[in-house]
Amino acid sequence: MMKPGPLGDARLRVLELFNKYTAYGGEELVADRILEHLRTFADVASLRWDSNDWAGPDAPGKLTQLRKLFYNHDSAQQLRDAVADHRPDVVVCHNLYPIGSPSVYAAAAALGVPLLQFVHNFRPFSVSGTLWTGRRVAYEALAGRHAPEILAGAWQGSRLKSAAFSLMLKSAKRKGHFDAVTHWLTVSDFMRDTFVWAGLPEDRVTTLRNFWTLPPEDTDHPDQGYYLFLGRLVPEKGVDTLIEAWDRLHAQQPDTCPRLVLAGTGPLQNRVAAAAGRNPKIDHPGHVSGDTKRDLIRGCRAMLAPSVWWEPLGMVTYEAYEHAKPILAAASGGLPEIIQPGTTGLLHTPGDPQSLLASVQTLESMPPEARQTMGQYGRAWLRQHTSKQQWTRLFVEIADRARTRR
């Protein structure tokens, strides 16, 4: 017998859509977790595309890709078929580019099916999705001015492709494709406010922060004195700020400078390796996962999130709190919403090595018991604010309202 769903006697029926990126990353991880959880209380079908299908010798030609970027009839037909087969109450979307394309919105509007769009980044306003040009946040893209992102080759490292993506977004907006979204679900209040400022109706945008499964507390991981960065080695994550801060810290106090473990891979990997070669207090273990990653978190003094872009939420904070570790983060994007300065961590000025250095020195000056208390407060915050029960209740309320608007 089917388990009754939250909406009346019948289980909620959901169709999930997601265009996977060329490399597995944070959004896909979150999308997978949401899909897995939806299946615990709803009847779920999934329609996914893979960006890697547009690469390699078997990929469609460049002109075909350009045409389908603007409107992919195949994707639209796949959506129509999936809706006919599954008869969803709501369609749930994550990333839809490039293969899903705005055709998905147009097809959903024609079918009259409610559509919930999860917001993990700054699309549909940003060409890259991050607003990042390589040097700064291109906030003007929120008003439709994409020139800085285009000049930076923000999408796939190409000015031509970035220009095409910009034209696609403008075309989709002009044709009203984004109006097919019944409700936008943002991962932070910062993202909600940003999207409302950019023009979305306030009553159609709701914050639904990512949930987290908190395992039983594991206290058998003593502080080993090092600071930990885990993530993609890209400029927007503040890697250069972090290296500069540790170079200054080592120059000021060579004997007492704490160790920095800078783990991950990405375009700045060679720069990080060079920094580790000249600064004996920087370690670069490369990519870590599984038990190795978990052990690094367990042994660190604090985790670091020195992002210089507008971080939508900052899942690294959740990881730190799970293991009762303080977080030192930039006051950027959604990060200040989930970090209580002096209680669960410390905030510094984005892109300012001296401000980050001061946060490290502040934490170093605390007695061990005070640092442990910060970590415990972080774990308590995670328990209070990120339960699946809270997430499910709000999601179902939004889905129910979306159904009644049909």
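Residue numbers start at 1 and run along the sequence shown.
- Take Leu66 and apply the side chain to side chain contact (heavy atoms under 4.5 Å, CB included) test, not counting sequence neighbours, and it matches Phe70, Ala164.
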For this session: Would you check, one step at a time, whether the test side-chain contact (heavy atoms from CB on, under 4.5 Å) holds for Trp246 with Leu262?
Result: CA-CA 11 Å; Trp246 239 261; Leu262 220 166; over 6 Å; no
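- Note that CG of Leu38 is 7.5 Å distant from OG1 of Thr40, once rounded to the nearest 0.5 Å.
- Formation of a donor-acceptor pair under 3.5 Å by the Gln117 side chain with backbone atoms of Ala180 is not found in this model.
- Rounding to the nearest 0.5 angstrom, the gap separating the CG atom in Leu268 from the CG atom in Leu242 is 11.5 Å.
- For the pair Arg393 and Glu397, the salt-bridge criterion is not met [side-chain N within less than 4.0 Å of a carboxylate O].
- Counting only heavy atoms from C-beta outward, the side chains of Phe118 and Val187 never approach each other to under 4.5 Å.
- Between Leu260 and Asn279 the shortest side-chain heavy-atom distance does not fall below 4.5 Å.
- Taking Ser162 as the reference, nothing meets the side chain to side chain donor-acceptor pair (under 3.5 Å) condition, with sequence neighbours excluded.
- Here the straight-line distance linking atom CG of Asp193 with atom OG1 of Thr207 works out to 7.0 Å at 0.5 Å rounding.
- Within the structure, salt bridge (Lys or Arg N to Asp or Glu O under 4.0 Å) contacts touching residues 162-185 (residues at least two apart or in different chains) do not occur.
- Remark: Lys237 engages Glu311 in a salt bridge, criterion side-chain N to carboxylate O under 4.0 Å.
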Which atom pairs, donor and acceptor, lie under 3.5 Å between side-chain atoms of residues 318-343 and protein residues at least two apart or in another chain?
from, atom 1, to, atom 2, distance (Å)
Tyr318, OH, Asn210, O, 2.9
Glu319, OE2, Lys293, NZ, 2.7
Tyr321, OH, Ile338, O, 2.7
Tyr321, OH, Thr344, OG1, 2.7
Glu322, OE1, Trp212, NE1, 2.8
Lys325, NZ, Arg298, O, 2.9
Lys325, NZ, Cys300, O, 2.7
Ser332, OG, Trp309, O, 2.2
Glu337, OE1, Asp189, N, 2.9
Glu337, OE1, Arg209, NH2, 2.7
Glu337, OE2, Asp189, N, 3.2
Glu337, OE2, Phe190, N, 2.5

Problem set entry | Tyr227/Glu364 under side-chain contact (heavy atoms from CB on, under 4.5 Å): CA gap, chis, key distance, verdict | CA-CA 11 Å; Tyr227 290 74; Glu364 286 293 296; 2.6 Å; yes
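- Surrounding CD of Glu202 are at most 12 heavy atoms belonging to other residues, nucleotides or ligands under 6.0 Å away.
- Thr349 places no side-chain N or O within 3.5 Å of a backbone atom of Ser355 that could act as its donor or acceptor partner.
- Between Arg39 and Leu35 the shortest side-chain heavy-atom distance falls below 4.5 Å.
- Taking the six-membered ring for Trp and thresholds of 30 and 60 degrees, Phe125 and Phe195 have ring planes more than 60 degrees apart, a perpendicular arrangement.
- Heavy-atom minimum distance, Leu233 versus Gly264: CD1-O, 3.2 Å.
- In this structure, Glu149 contributes its side chain and Ser128 its backbone to a donor-acceptor pair below 3.5 Å.
- Closest approach of Ala305 to Val316, counting heavy atoms only: CB-CG1, 3.6 Å.
- For residues 60-85, every residue pair satisfying the salt bridge (Lys or Arg N to Asp or Glu O under 4.0 Å) rule, not counting sequence neighbours, is listed here: Lys68-Asp74.
- Residues Arg123 and Asn95 form a side-chain contact, since some pair of their non-hydrogen atoms from C-beta on lies under 4.5 Å apart.
- Of all heavy-atom pairs spanning Ala402 and Val90, the tightest one is CB-CG1, 4.3 Å.
- Closest approach of Pro258 and Val360 over heavy atoms only: CG-CG1, 4.1 Å.
- For the pair Gln156/Phe165, no side-chain contact is recorded, criterion being any heavy-atom separation below 4.5 Å from C-beta on.
- Residues satisfying the side chain to side chain contact (heavy atoms under 4.5 Å, CB included) criterion with Pro280, sequence neighbours excluded, are His250.
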Listing, residues 15-22 side-chain donor-acceptor contacts under 3.5 Å, not counting sequence neighbours, or none:
from, atom 1, to, atom 2, distance (Å)
Glu16, OE1, Ser46, OG, 2.5
Glu16, OE1, Arg48, NE, 3.2
Glu16, OE2, Arg48, NE, 3.4
Glu16, OE2, Arg48, NH2, 2.7
Asn19, OD1, Ile99, N, 2.7
Asn19, OD1, Gly100, N, 3.1
Asn19, ND2, Ser51, OG, 3.0
Asn19, ND2, Tyr97, O, 3.4
Tyr21, OH, Glu27, OE1, 2.6

Exercise. Stepwise, does the side-chain contact (heavy atoms from CB on, under 4.5 Å) test hold for Leu249 with Gln253?
Worked result: CA-CA 6 Å; Leu249 190 59; Gln253 46 188 81; 3.7 Å; yes
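- Minimum heavy-atom separation, Leu356 to Pro306: CD2-CB, 4.3 Å.
- Rounding to the nearest 0.5 angstrom, the gap separating the CG atom in Asp43 from the CG atom in Leu12 is 8.5 Å.
- Legend: salt bridge (Lys or Arg N to Asp or Glu O under 4.0 Å) pairs involving residues 92-119, not counting sequence neighbours: none detected.
- When each of Leu116, Val205, Val92 is checked for a side-chain contact (heavy atoms from CB on, under 4.5 Å) with Leu185, only Leu116 meets the rule.
- Taking Ala370 as the reference, Met366, Pro367 meet the side chain to side chain contact (heavy atoms under 4.5 Å, CB included) condition, with sequence neighbours excluded.
- Between Leu382 atom CG and Thr386 atom OG1 the span is 3.5 Å, to the nearest 0.5 Å.
- For Tyr105, the ring-ring contact (aromatic ring centres under 6.0 Å, His included) test picks out Phe178, with sequence neighbours left out.
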Which pairs would a plain distance check flag for residues 134-145, meaning a side-chain donor or acceptor within less than 3.5 Å of a matching protein atom at least two apart in sequence or in another chain?
from, atom 1, to, atom 2, distance (Å)
Arg136, NH1, Glu140, OE1, 3.2
Arg136, NH2, Glu140, OE2, 2.6

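- Residue pairs that meet the salt bridge (Lys or Arg N to Asp or Glu O under 4.0 Å) test with at least one member in residues 265-289, sequence neighbours left out, are Asp240-Arg271, Asp247-Arg278, Arg259-Asp283.
- Going from atom NE2 of His284 over to atom OG1 of Thr265 covers 8.0 Å, rounded to the nearest 0.5 Å.
- Between the His86 side chain and the Val14 main chain, a donor and an acceptor come within less than 3.5 Å of each other.
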For this session: Under the side-chain contact (heavy atoms from CB on, under 4.5 Å) rule, what do Ser126 and Asn121 come out as? Steps first, then yes or no, please.
Result: CA-CA 9 Å; Ser126 169; Asn121 56 35; over 6 Å; no
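- Between Leu363 and Arg371, the closest heavy-atom pair is O-NH1, 3.1 Å.
- A donor-acceptor pair under 3.5 Å is formed between the side chain of Arg159 and the backbone N or O of Leu151.
- Here the side chain of Trp132 pairs no donor or acceptor atom with the backbone of Ala154 at under 3.5 angstrom.
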